[in-house]
Amino acid sequence: MRSFLAALAVILGLLLSAAAVPAIWVDRNIVQEDGFVALAAPLGKNPEFQKRLATAAVNSIDTGGTVPAQVAALVRPVLEKAATSLTGLPEYPAAWEETLRKSHRLNFADPASLPAEADSGTSLTLDVAPLVGLAAKQISSQLGVQLEAPGQTLVNIGQTSQRQLVERVSAYAPLGYSLAVGAGVAFLLALVTARRRWKVLAGIGVGALALSGLWTLASRWAADAVVGTASGNEMADLFKREFVAASAAGYASWTLAAAIAGAVLIAAGSLLRVVGGPARRR
């Protein structure tokens, strides 16, 4: 009976772990603002994405009411130059980080908690207002005319269905911590009730190796599914590709850690069997 209960506890712990680990990773790296910024920050170093984003930011600047008619013909070359030089400015990394933070709040925050002037929209968006402000500052210094940057400049990078998925993920990802606690209790119960604890350790280890493989396969399937849906927006698709690649790489480190932990538990179980066997015979 004790062995049966221990086996059930191990199975329950593994089932809870199967859902807990992905949920915790998503919460820490996507739902939480600091994790999202750290994960997406390298996208700002992608040359092609930088160029498209800078061009979109500069093109959103309205110079119609602030630039005198006699210099209007000079504006377009200045805008084009600003688009190509924006990413080389010392202030660009800070502006890109602030862009990610504003965009995260826009996509993940409760719409009721956003300020009245914030437009959360119905699709995934980037708020590139910090980059627009940086570009406006650079262009103002070159033209000698003060340009006003808007408080919010949205660039669509996703569809309505993806926005709905983000809302569901935001709601359910934090439950991963409770599931992890439940898994820990189940594993502890298995160790307490088992007649042969080495079997419990080995069983958990084998389960961890199996889960690591399943998580890897599921991650690849999810990445292929997301990347395979084209939006028709080149910049959106580029952002999606790079972000999915960064997410897959970050999640792979967790699955590798699970595989290593599983191997260690199997080794610990085997060692406990070798050491405990002679002791029981005596």
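One-based numbering along the sequence shown.
Here the closest heavy-atom approach between residue Ala20 and residue Gly176 is recorded as CB-O, 3.5 Å. Here the shortest heavy-atom pairing between Asp27 and Pro174 reads OD1-CG, 3.6 Å. The heavy-atom pair separating Ser247 from Trp25 by the smallest distance is O-CZ2, 3.5 Å. The nearest pair of heavy atoms linking Leu201 to Gly269 is CB-CA, 4.0 Å. Residues Ser17 and Pro22 approach most closely at O-CD, 4.2 Å, considering heavy atoms. A pairwise comparison of heavy atoms in Gly203 and Leu14 identifies O-CD1, 4.4 Å as the closest pair.
Under a 3.5 Å cut-off, the side chain of Asn107 and the backbone N or O of Ser103 do form a donor-acceptor pair. Between the side chain of His104 and the main chain of Thr99, no donor-acceptor pair closer than 3.5 Å is present. Checked by atom type and distance alone, the side chain of Ser212 never pairs as donor or acceptor with a backbone atom of Ala208 at under 3.5 Å.
Counting only heavy atoms from C-beta outward, the side chains of Phe108 and Ile30 approach each other to under 4.5 Å. Looking only at side-chain heavy atoms (C-beta outward), Trp215 and Ser219 stay at 4.5 Å or farther from each other.
Taken together through direct or relayed side-chain contacts under 4.5 Å among Ile, Leu, Val, Met, Phe, Trp and Tyr, Ile24 and Tyr172 form parts of separate hydrophobic clusters. Val200 and Leu12 are members of different hydrophobic clusters when ILVMFWY side chains are connected at heavy-atom separations under 4.5 Å. Under a hydrophobic-cluster definition in which Ile, Leu, Val, Met, Phe, Trp and Tyr are linked whenever side-chain heavy atoms come within less than 4.5 Å, directly or via other members, Val37 and Tyr92 are assigned to the same cluster. Both Phe243 and Trp254 are members of a single hydrophobic cluster when ILVMFWY side chains are connected at heavy-atom separations under 4.5 Å.
Arg195 contributes atom CZ, which lies 11.0 Å from atom CG of Leu5 (distance to the nearest 0.5 angstrom). Here the CH2 atom belonging to Trp221 is positioned 15.5 Å from the OG1 atom belonging to Thr216, to the nearest 0.5 angstrom. Atom-to-atom distance recorded for Leu265:CG and Ile260:CD1 is 12.0 Å, nearest 0.5 angstrom. Distance check: Lys240 NZ to Leu43 CG gives 13.5 Å after rounding to the nearest 0.5 Å. Atom CD in Glu97 sits 13.5 Å away from atom NZ in Lys102 (nearest 0.5 Å). Note: Leu16 CG to Ile11 CD1 = 12.0 Å, rounded to the nearest 0.5 Å.
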Original post:
Taking it one step at a time, do Leu272 and Arg197 satisfy side-chain contact (heavy atoms from CB on, under 4.5 Å)?
Top reply: CA-CA 8 Å; Leu272 183 61; Arg197 292 190 174 92; 4.1 Å; yes

Subject >> side-chain contact (heavy atoms from CB on, under 4.5 Å) between Val169 and Val31, intermediate numbers included >> reply: CA-CA 8 Å; Val169 167; Val31 176; 4.1 Å; yes

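Screening Ile204, Leu209, Leu271 for a side chain to side chain contact (heavy atoms under 4.5 Å, CB included) with Ile266, the sole residue that qualifies is Leu209.
Salt bridge annotation for Arg101-Asp34: present, with a cationic side-chain nitrogen under 4.0 angstrom from a carboxylate oxygen.
Other residues, nucleotides and ligands contribute more than 12 heavy atoms inside 6.0 Å of the OH atom of Tyr177.
Looking only at atom types and distance, the side chain of Asn29 has no donor-acceptor partner in the side chain of Tyr251 under 3.5 Å away.
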